[in-house]
Amino acid sequence: MKTAILGPAQRAEALARMAERELDILVVGGGVVGAGTALDAATRGLSTGLVEARDWASGTSSRSSKLIHGGLRYLEMLDFALVREALKERGLLLERLAPHLVKPVPFLYPLQHKGWERWYAGSGVALYDAMSVSSGHGRGLPVHRHLSQKRALRVAPCLKRDALVGALQYYDAQMDDARYVATMVRTAAAYGAQVANRARVVGFLREGERVVGVRVEDVEGGGDYEIRAQQIVNATGVWTDDTQALIGERGQFHVRASKGIHLVVPKDRIHSTTGLILRTEKSVLFVIPWGRHWIVGTTDTGWDLDKAHPAASSADIDYLLEHVNEVLATPLTRDDVEGVYAGLRPLLAGESDATSKLSREHTVAHPVPGLVVVAGGKYTTYRVMAKDAVDEAVHGLDQRVADCVTEDVPLVGAEGYRALWNARARIAARTGLHVARIEHLLNRYGSLTEELLELVVADPALGEPLAHADDYLRAEAVYACTHEGARHLDDVLTRRTRISIETFDRGTRSAREVAGLIAPALGWDDDQVEKEIAHYQKRVEAERESQRQPDDLTADAARLGAPDIVPL
């Protein structure tokens, strides 16, 4: 299989090709579900297109808790089918589909009551492990273990002694959500899908009752395209209702947005060798290992303001700090917070009690001929959602279509990853890079690391780390634009890397260096470079200002102070 390259030339070519002839399936929305749907359709042999209004994963799919998990708390709700499905998907991702991107992560659950709680929680975790193994894809993770208070404090010295009487430790998995989506888009393109980000659907084409295509605005080039397809799949997440409104049809269900915020703090602020899962009065709180950092989250509050840029308020930040500090021996303060990000979950809201249960699950509908809608669900089960969406779309195609094969289709970078991992010391010796740097690259790009190292061979200066974000090589910024579809400085600092949340300056000190590195790949002149830097700085300041506001309304107004970047 040829690895697809998503550079500026390939994007322009993809838009032109989509407009040339009718596709079998066009997917609208470049988050995890849309990318998964495009991959599913392309690997069934269907001519497939994928368009996204902004950047890949720029909405919900880059702002999650970054966990691939079965949903342990759903066992308490007796939703065994949902947990079983998610555990199977977790195993597939770890073992077969994306071992370079999805990694095991341990969690400690502190027990606060002697006797009954250990039995109650232990039974749930034991069932969780058993369901994982029975799925046929769960043998790669360690099973849970019971810890005394003394052993738990040895594993997590950060905890107050009076915060627990003992603990349970179990395993789930995590990934970089935005990187996962970008990799899946490249995989879909490698199987023949035509893909274009910064291509906004502004209307639908209809013949009678039937939807036959879309009108797309090229946000970068300024042109307009008519793209026709036998079936359109609306996979726009929290924008589902807005997309439906473009065709003037009332949906069979509605999607409401729930805001979740996360804090990022340096690794040395929480002394622990394991993640934490804590109960709150409303839900659960995670403290998640994240490289040289921790992610603390999340909240769950309704949001009916700007969907493109959900804002974290001062109250949101205080909520997380207050709850995590209840168990930490050394409390976190505002000064410990490197980054903050807010995302919106697409929750299904039915029009009757019978459909209200959809909020934790996904659904697929065919509201008018030619249009399929998929919404809801969890990041972990994106592949099942994609399969269901394509299965529904196939009913409207005048051809025999193969069954879903994505259970056996690894993402690009997966094939050969383990062999390269075993050879990482030799690669380090060959390239002159430290072995820790090679490990970092392999866990972000898998076997595609060789492509990135070719850039370093051509220009050894690209093998140096970024001056103010030394977790990342200069080559990674360039590769983001030449191979991974990044179009703007914000795309590189926020999604292809995580510099925007992993540095106290939120990436502002890296902005000029990165802009200079990517300008040749994107054809920028000096004016556009300055415009990109100024926009990014305004974005960061608007986010900082929103995080000083007392509530959602004022936070949203502050965040809207920085408009989206528009090319010259």
Side-chain angles (χ1 to χ4, degrees), residues 4-19 23 26-35 38 48-63 178-179 181-186 188-189 193-203 213-227 232 234-239 242-243 246 306-309 477-497 500 514-515 518-519 521-525 528-529 531-533 535-536 539 562-568:
I5 294 175
L6 304 185
Q10 288 77 18
R11 175 187 172 278
E13 183 182 356
L15 277 171
R17 285 191 173 184
M18 282 189 273
L23 299 166
L26 174 69
V27 184
V28 181
V32 69
V33 176
T48 304
L50 172 65
V51 291
E52 157 61 38
R54 297 188 295 159
D55 185 28
W56 306 121
S58 56
T60 303
S61 295
S62 61
R63 306 178 192 185
R179 170 147 301 282
V181 173
T183 304
M184 187 153 50
V185 172
R186 287 189 70 183
Q194 302 297 327
V195 303
N197 54 354
R198 303 280 292 175
R200 179 182 292 115
V201 171
V202 295
V214 297
R215 291 196 307 278
V216 170
E217 174 193 358
D218 179 359
V219 180
E220 296 292 293
D224 292 314
Y225 296 85
E226 286 194 354
I227 302 174
I232 312 292
N234 175 5
T236 52
V238 294
W239 286 272
D242 304 73
T243 309
L246 291 175
D306 179 58
K307 295 188 183 78
H309 307 293
V478 176
Y479 187 83
C481 299
T482 57
H483 289 68
E484 296 181 329
R487 299 288 304 168
H488 293 281
L489 179 60
D490 184 54
D491 299 344
V492 177
L493 295 176
T494 306
R495 285 171 291 278
R496 303 306 184 280
T497 70
S500 67
V514 172
I518 66 179
L522 296 175
W524 292 348
D525 58 19
Q528 184 68 16
V529 168
K531 187 175 182 180
E532 294 277 340
I533 295 169
H535 167 265
Y536 186 79
R539 194 211 94 166
D564 284 338
I565 187 72
V566 177
L568 289 173

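Numbering starts at 1 and runs along the sequence shown. A quick note: this is a predicted structure, and the numbers were derived from the prediction, not measured.
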So V201 and V51, side chain to side chain contact (heavy atoms under 4.5 Å, CB included) or not? Walk me through it.
-> CA-CA 8 Å; V201 171; V51 291; 3.9 Å; yes

Shortest non-hydrogen contact from V216 to A199?
-> CG1-CB, 3.7 Å

Hey, does L489 have a side-chain heavy atom less than 4.5 Å from the side chain of H535?
-> no

Heavy-atom side-chain proximity of M18 to V214 below 4.5 angstrom | no

Please report the shortest heavy-atom distance between I518 and A477, naming the atom on each side.
-> CG2-O, 3.3 Å

Can you check whether V238 reaches T60 side chain to side chain, under 4.5 Å on heavy atoms?
-> yes

Between D224 and R215, is any pair of side-chain heavy atoms under 4.5 Å apart?
-> no

Closest non-hydrogen atoms of H309 and D564, given as atom of the first, atom of the second and distance, are NE2-OD1, 2.8 Å

Dump the intermediate steps for side chain to side chain contact (heavy atoms under 4.5 Å, CB included) on E484 and L6, then the final yes or no.
-> CA-CA 5 Å; E484 296 181 329; L6 304 185; 5.8 Å; no

Contact summary for A38 and A188, nearest pair of heavy atoms = C-CB, 4.1 Å

Answer whether the closest heavy-atom distance between the side chains of R496 and D55 falls below 4.5 Å.
-> yes

Side chain to side chain contact (heavy atoms under 4.5 Å, CB included) evaluation trace for E220 with H488 = CA-CA 10 Å; E220 296 292 293; H488 293 281; 2.9 Å; yes

Taking C-beta and beyond as the side chain, do R487 and W56 meet within less than 4.5 Å on heavy atoms?
-> no

Chi angles and distances behind the side chain to side chain contact (heavy atoms under 4.5 Å, CB included) call for R198, E52 | CA-CA 6 Å; R198 303 280 292 175; E52 157 61 38; over 6 Å; no

Check for a donor-acceptor pair, side chain of S62 on one end and backbone N or O of A57 on the other, with a separation under 3.5 Å.
-> yes

Which heavy-atom pair separates A486 from V492 by the least distance, and what is that distance?
-> CB-CG2, 3.9 Å

List the steps, then state whether salt bridge (charged side-chain N to carboxylate O under 4.0 Å, His left out) holds for R495 with D490.
-> CA-CA 8 Å; R495 285 171 291 278; D490 184 54; 3.3 Å; yes

Looking at V195 and A189, what are the two nearest heavy atoms and their distance?
-> CG2-CB, 4.2 Å

Salt bridge flag under 4.0 Å for residues D242 and K307 | yes

Under a 4.5 Å cut-off applied to non-hydrogen side-chain atoms, are Q194 and E13 in contact?
-> no

